[in-house]
Amino acid sequence: MELKIVIGGEAGQGIQTISSIMSRFFLRSGYYVFTEQSYQSRIRGGHNFTQVRVSTESISSSDDGIDILVALNEETINLHREEVSSNGIIIYDSELIKSVDNDKRFFGAPLQRIAIEKAKTRLAVNSSACGVLVGLLDGDFSILETLMREQFKDPEIGERNVLSARAGYEIGKTKNDFPFRTPFLSNNSRLLIDGGSAVGFGAIVAGCRFLSAYPMTPGTAVMNYLAGHSKRYNIVVEQAEDEISAINMVLGASFAGVRSMVTTSGGGFALMVEGLSLAGMTETPCVIHIGQRPGPATGLPTRTEQGELLFVINAGHGEFPRYVTAPRDAQDAFYKTIKAFNLADKYQIPSIILTDQFLIDSMVTIEGLDLDNIKIERYIENNPSKDYKRHLITDSGISPRALPGTEGILVITDSDEHDEEGHITEDLEIRKRLVEKRLKKGELIKEDIEEPIYFGVSNPDVILVGWGSTYGAIKESVKRLIEEDFKVGLLHFSDVYPLPYRQLEKYRDKRLISVEGNATGQFALLVRRETGIDIGEKILKYNGRPFTPSEIVKEVKKIW
Amino acid sequence: MELKIVIGGEAGQGIQTISSIMSRFFLRSGYYVFTEQSYQSRIRGGHNFTQVRVSTESISSSDDGIDILVALNEETINLHREEVSSNGIIIYDSELIKSVDNDKRFFGAPLQRIAIEKAKTRLAVNSSACGVLVGLLDGDFSILETLMREQFKDPEIGERNVLSARAGYEIGKTKNDFPFRTPFLSNNSRLLIDGGSAVGFGAIVAGCRFLSAYPMTPGTAVMNYLAGHSKRYNIVVEQAEDEISAINMVLGASFAGVRSMVTTSGGGFALMVEGLSLAGMTETPCVIHIGQRPGPATGLPTRTEQGELLFVINAGHGEFPRYVTAPRDAQDAFYKTIKAFNLADKYQIPSIILTDQFLIDSMVTIEGLDLDNIKIERYIENNPSKDYKRHLITDSGISPRALPGTEGILVITDSDEHDEEGHITEDLEIRKRLVEKRLKKGELIKEDIEEPIYFGVSNPDVILVGWGSTYGAIKESVKRLIEEDFKVGLLHFSDVYPLPYRQLEKYRDKRLISVEGNATGQFALLVRRETGIDIGEKILKYNGRPFTPSEIVKEVKKIW
Amino acid sequence: MVDARIYDNDQVPAWCPGCGNFSILRCMKQALAELDISPDRLLMVSGIGQAAKAPHYFRCNLFNGLHGRDISVAVGAKIANHNLIVIAESGDGNTYGEGGNHFIHNIRRNVNIKVFVHNNQIYGLTKGQASPTSDLGMKTRVQVDGVLSPPFNPVAVAIALNASFVARSFSGDPEHLVAMMKSAITHKGFALLDILQPCVTFNRVNTFQWYKERVYRLDDNYDPTDRISAFKKALEWGDRIPIGIIYLNNRPTYEEQLPQLKDGPLFKVPITGIDYSDILKEFK
Amino acid sequence: MVDARIYDNDQVPAWCPGCGNFSILRCMKQALAELDISPDRLLMVSGIGQAAKAPHYFRCNLFNGLHGRDISVAVGAKIANHNLIVIAESGDGNTYGEGGNHFIHNIRRNVNIKVFVHNNQIYGLTKGQASPTSDLGMKTRVQVDGVLSPPFNPVAVAIALNASFVARSFSGDPEHLVAMMKSAITHKGFALLDILQPCVTFNRVNTFQWYKERVYRLDDNYDPTDRISAFKKALEWGDRIPIGIIYLNNRPTYEEQLPQLKDGPLFKVPITGIDYSDILKEFK
Ligand SMILES: Cc1ncc(C[n+]2csc(CCOP(=O)(O)OP(=O)(O)O)c2C)c(N)n1
Ligand SMILES: Cc1ncc(C[n+]2csc(CCOP(=O)(O)OP(=O)(O)O)c2C)c(N)n1
Ligand code: SF4
Ligand code: SF4
Ligand SMILES: [Mg+2]
Ligand SMILES: [Mg+2]
């Protein structure tokens, strides 16, 4: 069973509330959900919509097509009715939207009137709309009822919304010829998680106790998450005066011993580049989360893109190692965030988590998170010897890290080239040795890098190559292509730098097609730079929207 | 004839004055000179030295070995006496430096006493030292005399320095067994130019009338140059409060119609990266000069490196075209600076001139600059049509550029994605078209890119590949290797991005060795990224000092 | 006076209904019309934020740049062509937060540009975080315990920097606002106009009502040229908030001091056909 | 009091003979010794410049970071471990120029760090360009027509920002300087100490003699808690330059307001063995 619901309207009309309640409703009813948001950079008005995709199988992308359209305004009808399937339905407020023709897919309900009557506020259209949906789909109303009660702290308001939902539910139930049904299936321990929360939760579990950031979409999600949990988990979240300050505060906090991170988007990261280089030089661990959005410059603030890969890998003046990971989905984002903290500490380097608006804002159903087997390693020297040197040259290139404030020793570091102790130097022989020491660590990181996932037939004619948040969409497209007997596979990268090359070498002579959310095929360039392997063909998207499986299937067939 | 003079001492002792006077002396005597400075990041003290290399043939690098060492302090003797050739000489102040053994290369002169006696100031050691050198080398004293008079605005001080120089000259002449001689050869119209002045002069000739910068070594040289000529050429030079402001001021000035530039080093450029992306998005021409120095972070402020190639090419969030040129020497720097301004205007893009401390601070003798054939093209629409649109989509991707203030039209641009008029948009179809429009220009730039110079035997076994300021040293090493019958060539790049690939393709299957002033072989990575060609071997240097021909010869032989 | 409608264009503001920005936009057109400024002589520069969208909504030359960097762009443009009337318009977060360093140092430079700040004491576009001017204790999704740092006082800081024109107005008093805009534009030098603007969506503390109850126009006999009393006035914030020209002086502008601009705008300086023999001599 | 020599190390200052920095360095050791601060409890943070090299020349923990960004690093470190005594030490260009935005907003934050600025009114390390505090008209290789912008007055700006401790001293009055350093360090909150320092190589205007003739110690009965009179005092610059604690107030520090730091320094908060069931519930 699969069902695609789209809820559309103006910013501020409560689209997000409806979609989030319905997503939870389906989760608790035993279904898999994927919920994706398309919104504009404004607070009120404009056209926003959310797709809630429901399935009995695990899914991790949205897709083209609509089975149920919930239109909170007329524009939504005009923009989306074409996409609604012939056996689909268009739910609209029958008292507010009048210009409706006799397309049999229309299904009106007095959503706002119900809200006002039952809940004494217009804002409760959310609950009446959810009610209609649950009724229509033959869902278990008691689940919705519980959700409503949880949603509102004030029990009275909760009660009113339940009434409003119930009235909608009764209307929904009247349409008993609707071909889709989502009755209660099973209790389960699955989780519904968005990318922003996954990174945020990952950071908390990793022991991040300081975040400094300057608000910037979509990076702000992680800041909000940590701020929301700051009291319970003793996290200091400080809004910096600018991004430069954010990264430098984080380096100060990390130097003094706290796992620390910044969160931003490409434009904010652009301002942190000098600080990144400082982290490299002073060997101060730090974690940088970058939620990509379309550029250049301010670009499209609320849209998605994979346009910053090469920028991030090459950012910073001078040469120093780093770890860059581009999580493939929310679950991966959780684990990779923890890994980013661990590697930052292990190698005393900056770790970069490269997500995007699509991953950050989408909710996906996962089986669970394995909290029991998480390792947190700080690699901090608690009893350093008296002759402690912060930048001691060792075989591995990693110097023992002690914290300032440790009795009897001094911890010294410098943005200038320095000696082993950390003091500024102009000795060019020491310079050379320190360069080599720092770069050695870059070689070691390779041992911790995860090879890409391969998914597909065992002897493929064509391999799609992807990275980051496109995983769900490409994987699903490959599944479908295989069903149609295409001999195809997917090689999907999550850790991107240092670039894992073993799997690539294995498929070196295959026909490779890179699928990327940018206009220049950056990953293909990275692969050629690192391995010499030429990914000759590309499927690129750069209009600000994420890939859908249907779209990739079409593109692959076109060039097959 | 070739002669290597090294002048060493503390910062503030006047090393630069001696070397600059002597360089001019040799120029006017008809010799070729190359003068390179090695100095520390301090104002007084420490150890600095300059090499003045003199030849009857054109040269463009310094080299190992010393024929004359001018030691202004004892440390200079200790640090450099090993390098002085057996028939060389060590000039020192016989009254200040006492701990001299009976090495027959020592030649004492009471430099400071002469200065005080003749010029009434210690500072005139410069002139007494120059005098000794000219005497020793059998030079034409009248040339030195003229130089001294030109050096000092106050004729009386000039006269005193001439006296001091003459006294030194008489002492120098007493040593008549010195094997090196630089008598007057010929009048000539050659120029002695340093990289900083070459970029600065190029900018002035190109029509740059606004520079905003925040001081940073070695970028400051260009700021000093333009400030020094600001009155005569109507140039506004504004010291910004920080680098972010510098680039944004420049974009404002350029938008309003003035050719404008910033100058900085890698660390300052790191702060301009967001502004770079803004230039890309708003299609505002600008020229950025970056003098590289060793990183990461503050690194070694007064040393040289080629560590920012990949950073500069990939800098900026989002995707947009740019032009990057790494001049091979001062003469090239002059022309490429002009080209940078022309291409910035032609394609409405940021142009980056990537030099380094070695190029900026070294003086070289050139035959002249061809000022008559310089083309300045502004590509500005002076009579735009009434329906003018700043970002009009055209076949080439280049929109007509008008200036704000033009009667009857409006010039609008935006850091957000925008429509053709320049207004902010959320229309994703327009987004797609604007991305394509911008990137099209990147394809066109390729037509203006200069292929690398090839120098060497016609059928080489090995080709050294270099870029930027290493040209002089590698070329000379190749010359010497060829003299020793090595079948070797040099492919040297000045324009580096978009990467010219035709010559590379031609030599694709040769044994290629990349020679770079960094620790990771960035140019080799760029070549593989752009062409798939694997430059398997590398000769890298990253201790902060430039390559010398002797060193490259040695390294090449080692791996031949 | 030209008709204010010549500033209308076909762009539809992306602001919330009821937002104070609408009034500021109307006042802007009115002030420009009363000053007879032709749209093609006007260059608006803005940063990023809700306020920074404003110049898209009327006819003018426009460079809508980066968050916090509009003042620098405006200064560059004014140096290049000082015949343009150059106004930087943005929000409080943009100008006092991200752009703080340009704010302070350009007040010192005294380039003849105007800086209009829609001060809603909040980050609007990014959904309601505290801005540098947010009042102590304001709670947001990020400032969960309430704002801990006392608000940035742009007026006091500008006076400490000896700004040549410092004024405050309120979007809810259009007559006053138009007058202030006109004074700022006609002032010779850097002019800061801080405009109190209710954000109906995110700022539930400093509402229209809140401002309405507190703002009062400066007395006719208030002397804005006395720096100490201006500073005193600047510290008034709470039950009573003064609006008007708070500080004024007459120091020379940056442009007047530049010999390079004496003969006309910099962008018109000829750049070809120049004799460089004096430079060539320096290389010999 | 410990012996000031415990702060000596084997680094040799890279400063010019006669530079005012030497005296500041000696006073620093003296002040620390008098306060009995053990080197391993002290964290110095510095930026880039001649002044910013100072902490290399004595025994302490040190993070010598980027030009202009030391205050941010210091604040981060102090939040992470508020048991450390954290002092940011740099030059005027670093702190008031490149670092201007951090200067103003961290005064607001009032984190308990100390900011010592060697104010030589010039960019020393980069060979003598004007700094934000250079006097009007000073000529340099870049400011060929002389400085056009009036000097940044750090004291006045800090008072406008309601800084909790604002003082000025002079490298040529070691006794006073030591006292000011001690007051700043023992003050609870952000403390700005602007130290006038002759640069013998590049600043030929504001020489030792120039300062010597002008500076005077504030009267014993000067009341630094009155903001208006402090502002007046701050504007005194010219024939007479006051040194001493110019402004003082007692507002709460950032750290005191953070519930997260109540039970000890942040770096000691346990990060393993935590029950996350409440978070897991949020995903259901
Ligand atoms: C470098 C950078 N950082 C952050 C942002 C995100 N951002 C956009 S607008 C804004 C704040 C807007 O607040 P304000 O300037 O007060 O304008 P308002 O929306 O309140 O009118 C922020 C933080 C950005 N665009 N660029
Ligand atoms: C981002 C950046 N920009 C510029 C520089 C170059 N720089 C180093 S020190 C300095 C100025 C120093 O002046 P100040 O802070 O007053 O210190 P002083 O040397 O006078 O003690 C500058 C501009 C730098 N290191 N980093
Ligand atoms: S969010 Fe606030 S400032 Fe922005 S448009 Fe809405 S009301 Fe106005
Ligand atoms: S240049 Fe000036 S500040 Fe720097 S060490 Fe020399 S005298 Fe001191
Ligand atoms: Mg605001
Ligand atoms: Mg200074």
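Naming convention: chains lettered A, B, ... in sequence-line order (proteins, then strands); numbering from 1 in each chain.
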Check: Under 3.5 Å, side chain of D:N101 to main-chain N/O of C:G97, donor-acceptor pair present?
Finding: yes
Next item on the list: With a 4.5 Å cut-off on heavy-atom pairs, point out which of D:H105, D:R109, D:R251, D:K232 contacts chain C the most.
Entry: D:H105
Next item on the list: Tell me, yes or no, whether the heavy-atom count around C:N250 atom CG, taken from other residues, nucleotides or ligands under 6.0 Å, exceeds 12.
Entry: no
Check: In terms of heavy-atom contacts, does CG of C:D219 have more than 12 from other residues, nucleotides or ligands at under 6.0 Å?
Finding: yes
Sequence neighbours left out, cut at 3.5 Å: what donor-acceptor pairs do the side chains of residues 148-159 of chain C make with other protein atoms?
from	atom 1	to	atom 2	distance (Å)
C:N153	OD1	C:V155	N	3.1
C:N153	OD1	C:A156	N	2.9
C:N153	ND2	C:A234	O	2.9

Item checked: Region of D:D145 in contact with chain C, defined by heavy-atom distances below 4.5 Å -> side chain
Margin query: According to side chain to side chain donor-acceptor pair (under 3.5 Å), who are the partners of D:D70, at least two apart in sequence or on a separate chain?
Written below: D:S90, D:N94
Notebook entry, point to check: So which part of C:I107 gets closer than 4.5 Å to some heavy atom of chain D, the side chain, the backbone, both or neither?
Noted result: neither
Notebook entry, point to check: What part of D:F103 is in contact with chain C, defined as an atom under 4.5 angstrom from a non-hydrogen atom: side chain, backbone, both or neither?
Noted result: neither
Notebook entry, point to check: Does C:L235 reach the side chain of D:N162, with side-chain heavy atoms less than 4.5 Å apart?
Noted result: no
Item checked: Which portion of D:L258 sits near chain C, non-hydrogen atoms under 4.5 angstrom -> side chain
Item checked: C:D278, CG atom: more than 12 neighbouring heavy atoms under 6.0 Å -> yes
Check: Is D:R227 atom CZ crowded by more than 12 heavy atoms from other residues, nucleotides or ligands, each under 6.0 Å away?
Finding: yes
